[in-house]
Amino acid sequence: MSPSRAFSALFGAAALAHLGALLAGSAVALVTKPALMPLLAAYVLTRSGPRLLAVALLFGCGGDVLLQVGGEMPFLLGMASFAAGHGCYLVLCSRHGSPGGARTRRLAVGYGAAWLVTVALLWPGLEAGLRVPVALYSLLLVTMALCATRTLPLAAAGGALFVVSDTLIATGVAGWPQAPAAQFWVMLTYIGAQFLLAEGLLRSAEGAGRTPGPSSGERERQRTASRASTMPKP
């Protein structure tokens with residue numbers, strides 16, 4: 001088994017163990033959560049992926065650990081760590097994404113409206129010291145998700161799932177009623193988001209690294225020109 005397949009399998013096993021532990025209410029979840037993003041980062045590196053992508057995932061690990069601590073300051077620091085990861089994703093999407101067009105502008109309107117409505121609804125339930133940081137962080141998050149739509153659909157889906165996951169967290173922080181096994185749904189969408197972003201950006205980077213060969217028509221023209229150049233001149 002190649003190293004990349006091995007780390008992919010380890011990541012999948014850790015993800016299943018973590019989600020199962022959450023459903024069972026087991027303390028194993030506290031151990032498996034910090035292991036998730038380093039395993040995914042190792043998968044990226046063994047695929048010869050961009051180092052900045054691995055850095056983004058490790059910032060995610062930092063956020064995961066800090067959010068487990070609890071309290072306002074660790075929450076703010078964890079949010080800052082995730083924000084740094086989103087900054088890395090923005091750079092990667094700019095490097096490996098296509099220029100935005102009419103579709104991107106339409107999506108920008110949709111993401112912008114979703115951000116405004118969500119912040120307005122959450123605002124009254126947030127503690128005063130969290131309101132502005134949450135609003136700014138969520139703006140960065142939807143910007144990252146929008147930029148991800150300029151790459152492969154896998155990364156675009158990952159960006160959208162990240163918005164869903166962090167919105168679920170924010171509703172809990174704002175004191176909204178939570179669904180049963182709320183942390184399970186947060187982590188299910190989060191793990192899916194990080195994996196899809198990593199895989200989509202990996203493939204985008206790999207595609208950008210390939211030099212496309214000439215088409216069949218171009219190859220035929222090259223052969224015709226070569227034959228003509230070797231023919232004796234009258």
Shared hydrophobic cluster, [X] / [Y] (ILVMFWY, side-chain heavy atoms < 4.5 Å):
X: Tyr137; Y: Leu121; result: yes
X: Val117; Y: Val134; result: yes
X: Leu126; Y: Val132; result: yes
X: Leu201; Y: Leu107; result: yes
X: Val186; Y: Phe75; result: yes

Rounded to the nearest 0.5 Å, what's the gap from CD on Gln183 to CG on Leu23? Could you check?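 Those atoms lie 11.0 Å apart.
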
Could you state the interatomic distance from CG (Leu19) to NZ (Lys33), rounded to the nearest 0.5 Å?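 Going from the CG atom of Leu19 to the NZ atom of Lys33 covers 11.5 Å.
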
Within the 4.5 Å heavy-atom criterion, are [X] and [Y] side-chain neighbours or not?
X: Met144; Y: Cys93; result: no
X: Cys88; Y: Val55; result: yes
X: Phe7; Y: Leu40; result: no
X: Leu197; Y: Leu154; result: no
X: Asp64; Y: Phe82; result: yes
X: His96; Y: Arg150; result: no
X: Trp115; Y: Leu141; result: no
X: Glu206; Y: Arg47; result: yes

Qualifying residue for side chain to side chain contact (heavy atoms under 4.5 Å, CB included) with Leu161, from Thr189, Leu188, Asp166, Ile191: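 The option that passes is Thr189.
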
Closest non-hydrogen atom pair between [X] and [Y], with its separation:
X: Gly200; Y: Leu152; answer: O-CD1, 3.7 Å
X: Thr104; Y: Leu146; answer: O-CD1, 3.7 Å
X: Leu57; Y: Met37; answer: O-CB, 3.2 Å
X: Ala198; Y: Leu53; answer: O-CD2, 3.6 Å
X: Leu36; Y: Phe11; answer: O-CD1, 3.4 Å
X: Leu58; Y: Pro38; answer: CD2-CA, 4.0 Å

Pairing of Arg131 and Glu127 as salt bridge, 4.0 angstrom limit: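 Salt bridge flag = no for Glu127 with Arg131.
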
Do Tyr111 and Arg106 pass the side chain to side chain contact (heavy atoms under 4.5 Å, CB included) test, and can you show the C-alpha distance, the side-chain angles, and the key distance before you say yes or no? CA-CA 9 Å; Tyr111 269 120; Arg106 290 193 297 270; over 6 Å; no

Can you list the steps and then say if Tyr190 with Phe162 is a ring-ring contact (aromatic ring centres under 6.0 Å, His included)? CA-CA 6 Å; Tyr190 169 71; Phe162 220 130; 5.6 Å; yes

Applying side chain to side chain contact (heavy atoms under 4.5 Å, CB included), run through Val173 and Ile169 and close with a yes or a no. CA-CA 6 Å; Val173 173; Ile169 293 175; 4.3 Å; yes

[X] side chain to [Y] main-chain N or O, any donor-acceptor pair under 3.5 Å?
X: Ser138; Y: Ala135; answer: yes
X: Gln178; Y: Trp176; answer: yes
X: Thr167; Y: Val163; answer: yes

Determine, stepwise, if the pair Trp185 / Val164 fulfils side chain to side chain contact (heavy atoms under 4.5 Å, CB included). CA-CA 10 Å; Trp185 298 110; Val164 172; over 6 Å; no

Looking only at side chains, do Thr32 and His18 share a donor and an acceptor under 3.5 Å apart? yes

Apply the test ring-ring contact (aromatic ring centres under 6.0 Å, His included) to residues His86 and Phe59: give CA-CA distance (whole Å), side-chain angles for both, the deciding distance (0.1 Å), then the verdict. CA-CA 9 Å; His86 295 326; Phe59 275 126; over 10 Å; no

